[in-house]
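Single-structure report; data block below.
The structure presented is a predicted model; accordingly, all values stated were derived computationally and were not measured. Just so it is clear: chains get the letters A, B, ... in the order the sequence lines come, proteins before strands, and each one is counted from 1. These numbers come from the heavy atoms of this one structure, side chains and all, not from hydrogens, waters or symmetry mates.
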Protein chains: 2
Amino acid sequence: MLQGSSVDNSGPSFTPLVVLELASDAKEETIAWLMGRIKDQQQNGGAELLVEQLGPGVSTQEKYNPNIFLVGASWQRLLSGAEDLGLFKEFSDGSMRAFTCANKLNFKEFKGDGDSFLSMAECQYIIKHELDTLRAKDETHVPGYTQTKLYPGKSIVRRLQSKGILIQMFPLHEKEALKRLSFSWYKKVKLSLQPLDDIKHYYGEGQALYFGFLEYFTFALVPLALIGVPYYLFDLDDYDRYVIYAVFNLVWCTVILELWKRFSASLAYRWGTLSRKKAFEEPRPGFHGVLGFNPVTGREEPLYPNTKRQLRVYLVSLPFVLLCLYLSFCVMMIYFLMEGWALSVHDEEPTFWTGILLFIPSIIYAVVIEIMNLIYRYAFNFFNCFASLFYIAFVMQDMVLLRQSLATLLITSQILNQFMEAFLPYWLQRRRNKKMIHKVRKIRTLEGKELPLTEQVRLEAHMSTYLGTFDDYLELFLLFGYVSLFSCVYPLAAVLVVLNNITEVYSDAFKMCHVFKRPFSDPAADIGVWQLAFETMSVIAVVTNCALIGMSPQVKTYFLDSETQLILWTVAVEHVLLAFKFILTFVIPDVPKHIQIKLARLEFESLEALKKKVKQY
Amino acid sequence: MLQGSSVDNSGPSFTPLVVLELASDAKEETIAWLMGRIKDQQQNGGAELLVEQLGPGVSTQEKYNPNIFLVGASWQRLLSGAEDLGLFKEFSDGSMRAFTCANKLNFKEFKGDGDSFLSMAECQYIIKHELDTLRAKDETHVPGYTQTKLYPGKSIVRRLQSKGILIQMFPLHEKEALKRLSFSWYKKVKLSLQPLDDIKHYYGEGQALYFGFLEYFTFALVPLALIGVPYYLFDLDDYDRYVIYAVFNLVWCTVILELWKRFSASLAYRWGTLSRKKAFEEPRPGFHGVLGFNPVTGREEPLYPNTKRQLRVYLVSLPFVLLCLYLSFCVMMIYFLMEGWALSVHDEEPTFWTGILLFIPSIIYAVVIEIMNLIYRYAFNFFNCFASLFYIAFVMQDMVLLRQSLATLLITSQILNQFMEAFLPYWLQRRRNKKMIHKVRKIRTLEGKELPLTEQVRLEAHMSTYLGTFDDYLELFLLFGYVSLFSCVYPLAAVLVVLNNITEVYSDAFKMCHVFKRPFSDPAADIGVWQLAFETMSVIAVVTNCALIGMSPQVKTYFLDSETQLILWTVAVEHVLLAFKFILTFVIPDVPKHIQIKLARLEFESLEALKKKVKQY
């Protein structure tokens with residue numbers, strides 16, 4: 001753990017955990033009020049945290065923001081925060097139990113007061129939670145800004161953030177721990193699994209689950225890749241040998257998703273997030289709404305009416321989604337026009353250069369897709385990426401073009417992705433850092449390479465903000481789609497995805513450690529909506545693969561006289577496979593038996609405790 | 001409640017709840033040992049219940065069984081039994097809580113010591129549970145029967161039952177309550193809903209859920225029946241107008257099943273079975289297996305190895321199932337031979353009598369199906385009932401024959417069912433009762449019509465045993481199948497099923513009240529595996545209806561030139577409908593919001609109580 005002692009004399013007298021950066025022109029009155037509320041005792045509605053202003057450091061010559069504050073807390077405060085959050089920790093009997101201060105000594109890793117019991121990521125999450133749930137009492141507006149209204153129960157931090165008074169709030173990196181983590185993660189020469197527990201320790205459960213999934217997915221792809229290589233090497237131009245491959249493919253994608261659920265439940269149980277109930281937490285501080293009583297916990301908190309949210313979905317989101325889908329469709333049609341034009345040029349004059357020209361439309365389309373994905377990130381990647389492939393496969397029925405498009409899309413988007421998400425930001429970052437280090441050296445002539453705390457905070461404040469695992473999962477989802485939908489036409493796809501995933505581990509790990517501000521940890525118990533997305537994709541894969549099999553010349557030879565018979569058989573096989581898939585989902589339990597028992601035991605003991613407790617009425 | 005006072009002087013001094021009938025040649029030694037164990041205190045491993053031998057009554061002249069025992073319990077014992085079982089009752093704050101003796105005064109309906117807090121059905125269930133879990137201690141065999149081995153943890157009652165020493169164990173009817181219930185249930189002239197709460201009070205939750213489902217299903221069928229009648233009246237011979245009907249049909253069956261889940265959750269919450277966890281109960285006493293510790297509750301109980309069970313499923317059950325399926329298939333083929341023969345006779349000589357002959361094979365087949373269903377009740381009803389209909393619909397594609405077969409099957413099996421399950425047993429029962437009452441009158445010249453307790457017990461001991469709701473659900477399942485699969489060909493099916501269900505309510509209510517021994521109550525929280533069975537049927541219905549639509553002449557006219565196009569469109573529509581169905585299942589929550597909140601609140605308070613409790617370590 002980062003201890004209070006610091007090389008820099010201007011450093012605070014406690015372990016700084018979270019940085020608050022206020023606007024440089026924020027009014028004194030506002031700052032004093034906010035700091036007062038943060039330091040105030042909990043019984044007065046404060047957060048009872050420690051705050052100190054960051055000193056000016058060395059960069060005094062330049063314009064700098066004086067309103068940067070470091071937030072920390074005493075060990076007692078952090079432990080009581082952990083209790084409020086309901087963090088699950090390993091109990092002395094080996095089960096996972098919600099932490100309480102009163103029986104802290106019964107938890108396995110609790111030694112003395114605090115050391116290494118809560119990870120720094122957990123401490124930062126606790127502080128974030130305390131700051132987020134710092135609510136307005138009787139203030140009607142933010143002191144100093146009469147226009148910025150408040151009402152009882154409104155999260156102060158969120159209101160300040162939405163008005164631009166609070167610029168950002170981020171947790172600090174730990175230089176030493178980060179160095180150790182990045183060494184064991186991606187700098188080591190020896191090939192090994194990722195240190196998931198260490199990643200969880202430093203970045204929290206959500207991040208660790210993402211990297212766990214990335215690793216699992218890569219290993220799961222290996223059998224598919226191994227089968228794909230000989231297909232590619234020996235049957236180079238024989239597009240109709242893919243029946244066995246397609247059958248293997250769709251059994252594979254069902255099984256790996258089911259097994260992932262079990263693996264992820266094991267991880268989440270070990271990390272204590274599986275038992276922790278999200279429903280019992282206080283609502284996200286971003287929720288607007290009048291104050292009411294939570295019907296489950298009985299706590300007073302803002303309630304958000306459900307009907308309003310649904311209205312917004314149907315009146316705003318839905319039309320927007322439809323418009324974007326239409327745009328994507330137009331772009332796809334333009335791509336086909338270009339493709340046709342390139343083909344006609346090549347047919348007229350078949351030279352090496354017109355041969356290259358054939359690939360140009362696909363490459364342009366891949367680039368346009370990436371740009372469009374960037375613009376409307378959230379809903380259309382599926383359509384964007386797969387619409388043209390479906391069109392080629394089932395309307396044009398041109399397997400050669402499908403193969404070529406798939407390869408171009410895969411390779412182009414992989415190169416673009418890795419470049420855009422890791423190396424470009426790193427390069428920009430590096431230039432900035434060098435300037436800063438250079439400046440510091442000039443003034444202080446430091447002996448070691450370590451930057452003093454003040455400079456570290458100012459450097460980190462300028463790093464990009466990591467926006468969550470959404471984009472990372474989306475990338476994996478699209479790769480999964482390419483492999484499960486069309487890899488029987490282009491068996492090398494699995495190999496390309498495996499290679500991509502291996503570099504992805506390195507580039508993602510690298511960007512987490514060196515490009516972005518440290519993100520707040522996210523106590524996730526599973527990969528959330530992505531599980532559903534991957535499963536939906538695997539259902540679509542069954543349909544697609546069956547259709548591709550039905551269209552293969554190899555199968556067609558069996559039904560030369562009757563196309564109707566062929567289709568009926570294909571549909572019958574598809575229904576059997578779908579039924580088989582659902583039975584498989586049903587038969588494989590989502591949570592391994594030994595963890596089910598532990599969860600049931602917790603529930604049983606809770607109910608028993610409730611029975612006992614009621615006696616005291 | 002039935003009180004201890006009885007007209008008959010030979011009656012016991014406590015409220016008799018459950019009857020134990022031992023073999024008339026059971027050894028004195030065995031009886032003394034069993035009664036000792038039942039009366040013994042719980043700390044000595046006994047059941048701590050009250051037992052008395054039934055007197056000889058009036059029928060002394062005839063052979064009678066002297067070894068009939070009445071079992072009851074003190075109120076304190078029943079309340080502690082309710083606590084052991086974890087019965088859920090309404091708490092003073094309106095939520096459902098597990099009952100505990102220590103805070104009995106906080107439960108809403110608890111007044112004084114006992115009266116009407118536990119229903120008689122609950123008391124009987126508690127006594128059954130206590131008797132079932134009366135386990136062998138250090139006995140190596142049943143006293144008096146050295147061949148009948150025992151081992152620590154083995155249920156004594158089960159071993160005696162399996163060896164024929166204990167003939168039966170059944171709960172007593174309550175004449176007064178039964179009279180009131182049967183009046184409000186089916187004797188009233190006014191049409192009204194069934195008194196589900198009273199049924200639950202008298203028969204327990206499992207029975208009440210069955211009757212709730214029967215009623216719900218009947219109401220759910222009404223819209224379908226209303227649409228069906230004009231189809232039947234006006235388009236008598238126009239088999240191709242069924243597209244709209246089929247579409248309505250498959251939306252209907254998805255929606256009603258989802259809504260039933262919500263309705264059933266509401267019922268089960270009100271009755272306290274939704275929160276009660278089956279997993280925490282002790283294992284069924286029938287389980288063989290060595291004694292071990294339950295990993296969830298920590299209680300010592302017999303554990304049954306899972307692998308053994310699976311081995312039995314694969315080596316015994318599966319081959320048996322396959323053999324029976326093969327037999328069913330043979331019978332179906334014979335039916336088609338008969339059908340063809342009848343048709344050829346009618347074609348040769350078309351008279352009125354040969355016209356009737358056309359229906360004979362269907363009727364014979366319906367009767368044979370019923371007989372086969374009786375013989376191997378558990379797995380083949382689906383195949384038995386629907387195989388021939390599928391064959392006619394999709395292989396023979398003969399809609400006239402399908403319509404005729406469906407009508408014959410429906411009507412014949414309805415008549416057979418109601419006759420076999422209610423009126424035949426009632427008639428046999430009635431003859432026996434009359435003889436007995438006649439004999440009693442001759443000796444005692446009773447003033448009222450009420451039989452004394454001794455005779456009541458002996459009469460009930462001779463009533464048939466109700467074997468659970470399996471057959472009743474199966475009947476509804478088959479009717480649901482007929483309606484959802486084929487009613488677009490024969491829209492009157494829904495009307496017939498509605499009529500059948502109305503009479504079914506009466507005949508089932510009648511048989512519960514007058515034909516069978518009172519069954520032990522079954523604390524069910526839902527209709528169990530039948531929910532899955534009905535949902536599977538509704539998926540099959542989507543496929544079947546789409547295929548029927550695709551085959552209809554009306555649709556075929558749109559695709560005169562290309563059969564392939566027709567099939568592809570049918571398959572596409574079917575996939576969209578299936579996807580829609582799954583989205584609908586996903587979108588409609590299984591448990592209504594307000595009950596979800598109550599359940600979450602219980603869980604939250606339990607976890608909070610556990611946190612508090614651990615302090616005392």
Side-chain angles (χ1 to χ4, degrees), chain A residues 83 86 91-92 97-103 105-107 275-277 279-280 294-298 306 532 536 539-540 543 547 562-568 570-571 574-575 578-579 582 586 593-594 596-617, chain B residues 83 86 91-92 97-103 105-107 275-277 279-280 294-298 306 532 536 539-540 543 547 562-568 570-571 574-575 578-579 582 586 593-594 596-617:
Chain A
E83 177 171 348
F91 204 61
S92 50
R97 285 282 180 87
F99 174 77
T100 54
C101 293
N103 58 330
L105 294 173
N106 286 317
F107 284 86
S275 331
R276 193 168 161 235
K277 297 282 162 177
F280 300 158
N294 181 317
V296 173
T297 60
N306 213 16
L532 184 67
T536 309
V539 172
I540 298 173
V543 181
S562 163
E563 203 181 2
T564 312
Q565 282 294 316
L566 167 65
I567 298 175
L568 287 178
T570 309
V571 172
E574 184 230 353
H575 278 70
L578 279 177
F582 281 103
F586 199 77
K593 189 77 190 162
H594 68 281
Q596 275 178 30
I597 288 175
K598 283 181 173 169
L599 291 177
R601 193 178 167 81
L602 178 72
E603 204 176 339
F604 173 74
E605 291 189 358
S606 307
L607 283 171
E608 288 296 310
L610 182 66
K611 283 186 193 168
K612 296 271 157 53
K613 183 203 149 203
V614 184
K615 276 186 196 181
Q616 299 150 11
Y617 270 46
Chain B
E83 176 171 350
F91 205 60
S92 50
R97 285 282 180 87
F99 175 77
T100 54
C101 293
N103 58 330
L105 295 173
N106 286 316
F107 284 86
S275 333
R276 195 169 161 234
K277 297 282 162 177
F280 301 157
N294 182 317
V296 174
T297 59
N306 212 16
L532 183 67
T536 309
V539 172
I540 297 172
V543 181
S562 163
E563 202 181 2
T564 312
Q565 283 294 317
L566 167 65
I567 296 175
L568 287 179
T570 309
V571 171
E574 184 231 356
H575 278 70
L578 279 179
F582 280 103
F586 200 77
K593 188 79 190 162
H594 69 279
Q596 274 178 31
I597 288 174
K598 283 182 174 170
L599 291 177
R601 192 177 167 82
L602 178 72
E603 203 176 341
F604 172 74
E605 291 188 359
S606 307
L607 282 171
E608 288 296 308
L610 182 65
K611 282 187 195 168
K612 295 270 158 52
K613 184 204 146 201
V614 182
K615 275 187 198 180
Q616 298 150 12
Y617 270 45

Is any side-chain heavy atom of B:Ile567 less than 4.5 Å from a side-chain heavy atom of A:Glu563?
no
How long is the straight-line distance from OG of B:Ser606 back to CD of A:Glu608, given to the nearest 0.5 Å?
10.0 Å
Across all chains, not counting sequence neighbours, the ring pair (Phe, Tyr, Trp, His ring centres under 6.0 Å) partners of B:Phe107 are B:Phe91, B:Phe99
Hey, does B:Thr564 have a side-chain heavy atom less than 4.5 Å from the side chain of A:Leu566?
no
Select one option (side chain, backbone, both, neither) describing which atoms of B:Leu532 are under 4.5 Å from chain A's heavy atoms.
side chain
Max heavy-atom pairs within cutoff under 4.5 Å with chain A, candidates B:Ile597, B:Leu578, B:Thr570, goes to B:Ile597
Which bit of B:Gln596 comes within less than 4.5 Å of chain A, counting heavy atoms only: side chain, backbone, both or neither?
neither
With side chains defined as the heavy atoms from C-beta onward, is the minimum distance between A:Val539 and B:Phe582 less than 4.5 Å?
no
Taken to the nearest 0.5 Å, the spacing of A:Leu610 CG from B:Glu603 CD works out to 11.5 Å
Okay, B:His575 and chain A: the region with an atom under 4.5 Å from a heavy atom over there is side chain
